[in-house]
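We use all heavy atoms of the structure for the numbers below, so side chains are in, but hydrogens, waters and symmetry mates are not.
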Amino acid sequence: MPPTDDADNGFRKQRFTGADGADYTAIFDGEYSGRGLVTDVHAVQTTEYDYFLIGDADVTLRSMTARGGRRGGVIGPRDDHVVFWLQHGRLEMHFADRSRVIEPGSPYIASASEEYRFESDETVYNGVHISDAFLRRTAGELGYPMPDGPVLFDQQDELVARHGPLRRLLGDVSPTLMDDRVRGAMRTALNRRLATVVLDTFPLRDRGDDVPTASRLRAAIAFIEEYARDRPTVPAIAAAAGLSERGLQEVFARTLGVTPNGFLRDQRLDGVRGELLHGASPNSVLEVARRWRFTNPSRFAVAYRARFGEDPSATLRAATAQRPDGRSSWRIRRAVAYIEAHLDGVCSVADIAEAAGLRPRRLQQLFREERGTTPTAFLRELRALRRGGEDWTDRRS
């Protein structure tokens with residue numbers, strides 16, 4: 001590799017492939033302080049190896065494909081922490097005090113100072129390497145206390161991992177970081193964002209009474225998910241997480257890209273959708289919305305449509321039509337379709353009944369039995385939701 005320019009902070013972009021004669025050993029020894037490599041590869045024609053990296057001395061993005069056999073060895077202490085996702089295959093990691101089996105899914109972090117023995121089979125993975133020195137500098141800028149000795153991370157809590165904060169951020173910044181023209185201050189700023197999310201979402205081990213930010217983020221998410229129906233205030237969420245209101249706002253913006261109130265609203269919308277999909281209340285969209293503390297039908301309709309790409313009435317209609325107990329008969333489904341098609345015009349009970357092939361009195365009776373409301377009340381509800389969408393469009397234009 002040619003010497004790097006110090007002004008570029010040790011920037012490099014490299015690819016190692018079996019087709020070019022490079023083998024697993026070059027990466028194993030040079031990038032991971034490896035020793036004792038053992039391989040059990042299959043026939044040459046089935047073996048595939050490709051390793052790519054791009055970045056500078058602080059952060060590199062990496063990907064590896066190692067198919068065609070099993071590999072194993074010891075990864076020694078390194079200068080960087082490694083966060084990675086398996087896309088395919090299986091990896092066993094054996095530390096001095098524990099073992100972990102890694103399969104495709106959530107991110108895993110390997111702390112820089114920890115040595116471990118590994119066994120891998122048919123692995124494809126993407127990873128981020130963050131230097132320990134850079135991580136400590138970033139923590140100092142954020143005011144995070146760090147140990148004098150080795151920095152050891154615990155894995156992401158399932159609750160945090162489910163929201164994919166690091167993967168979301170990588171989706172935003174990876175295209176820029178993969179551009180080898182981006183160097184210097186701009187790359188450093190993006191590197192700092194990645195390091196910050198790692199510090200926010202992976203708890204530090206053995207911190208005693210000093211609760212790390214990652215644990216506080218987990219507490220905030222858990223509190224919101226448990227009490228979303230009650231629509232808790234930001235001060236209440238912050239208090240439950242042991243953070244100031246400003247600290248809560250900052251950690252949500254950095255890690256999840258939303259405000260606490262935005263995250264809470266999405267949880268409430270998810271709750272509404274869950275009830276509609278499971279037919280918990282087949283009678284009224286607004287009835288379910290009110291249970292989740294949505295008091296403005298217009299704003300609720302806009303928010304629901306933006307999150308799920310359909311009107312809440314469409315969700316309810318699809319769920320009800322699929323109910324095995326036949327709660328929604330074909331005649332009522334026909335009546336509902338007629339109402340939805342005539343929201344902007346005259347839509348009398350007599351017209352709806354004729355479209356459904358029923359007498360008006362029977363229509364009223366079936367509507368109450370199957371949907372717990374009347375055709376005219378249902379019509380008013382849909383028109384209110386429709387006005388919400390039009391009002392939102394007018395405000396944006």
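Closest of all the heavy-atom pairs between L170 and L194 is CD2-CD2, 3.6 Å. Smallest separation of non-hydrogen atoms from P260 and I224: O-CD1, 4.3 Å. Contact between R205 and S111 at its shortest, heavy atoms only, is NH2-OG, 4.3 Å. The two residues T188 and F134 come nearest to each other via the heavy atoms O-CZ, 4.2 Å. Minimum heavy-atom separation, V160 to P165: O-CD, 3.4 Å.
Note on V258: it does not cluster hydrophobically with W292, by side-chain heavy-atom contacts below 4.5 Å among ILVMFWY residues. Hydrophobic cluster membership is shared by L190 and V83, with clusters built from Ile, Leu, Val, Met, Phe, Trp and Tyr side chains linked at under 4.5 angstrom.
Ion pairing between a basic and an acidic side chain is recognised when a charged N comes within 4.0 Å of a carboxylate O; R62 and E31 show such pairing. Between R229 and E275 a salt bridge is recorded (basic side-chain N to carboxylate O distance below 4.0 Å). Classification of R35 and E115 as a salt-bridged pair holds, one side-chain N sitting under 4.0 Å from a carboxylate O. One finds a salt bridge joining D266 and R307 here, because a Lys/Arg side-chain nitrogen approaches an Asp/Glu carboxylate oxygen to under 4.0 Å. Using a cutoff of 4.0 Å between basic side-chain nitrogens and carboxylate oxygens, R90 and E119 are not scored as salt-bridged. The pair R218-E158 does not count as a salt bridge, with every side-chain nitrogen at least 4.0 angstrom from each carboxylate oxygen. With respect to E250 and R216, no salt bridge is recorded, no charged nitrogen being found less than 4.0 Å from a carboxylate O. Taking 4.0 Å as the cut-off between side-chain N and carboxylate O, D200 and R254 count as a salt-bridged pair. Ion pairing between R291 and E287 holds under the 4.0 Å rule for side-chain N and carboxylate O. Ion pair R162/E225 flagged as a salt bridge, since at least one NZ, NE, NH1 or NH2 atom sits closer than 4.0 Å to an Asp/Glu carboxylate oxygen. Classification of D50 and R15 as a salt-bridged pair holds, one side-chain N sitting under 4.0 Å from a carboxylate O. For the pair D58 and R192, the salt-bridge criterion is not met [side-chain N within less than 4.0 Å of a carboxylate O].
Taking the six-membered ring where tryptophan is involved, the planes of F16 and Y51 are perpendicular, since the angle between them exceeds 60° and thus also 30°. Taking the six-membered ring for Trp and thresholds of 30 and 60 degrees, Y227 and F223 have ring planes inclined between 30 and 60 degrees apart. In this pair, F294 and F300 present their aromatic rings tilted. The plane angle is within the 30 to 60° band.
Ring pair F118/H94: centre-to-centre distance not below 6.0 Å. The aromatic ring centroids of Y125 and H88 lie 6.0 Å or more from each other. Y32 and H129 have their aromatic ring centers within a separation under 6.0 angstrom.
Residue-environment remark: CG (D148) stays at or below the threshold of 12 foreign heavy atoms within 6.0 Å. Heavy atoms of other residues, nucleotides or ligands lying less than 6.0 angstrom from CD of E114 number more than 12. Within a 6.0 Å sphere centred on CZ of R136, heavy atoms belonging to other residues, nucleotides or ligands number more than 12. The local environment of CZ in R359 is sparse, with at most 12 non-hydrogen atoms from other residues, nucleotides or ligands closer than 6.0 Å. The environment of CG in D172 is crowded: more than 12 heavy-atom neighbours from other residues, nucleotides or ligands sit within 6.0 Å.
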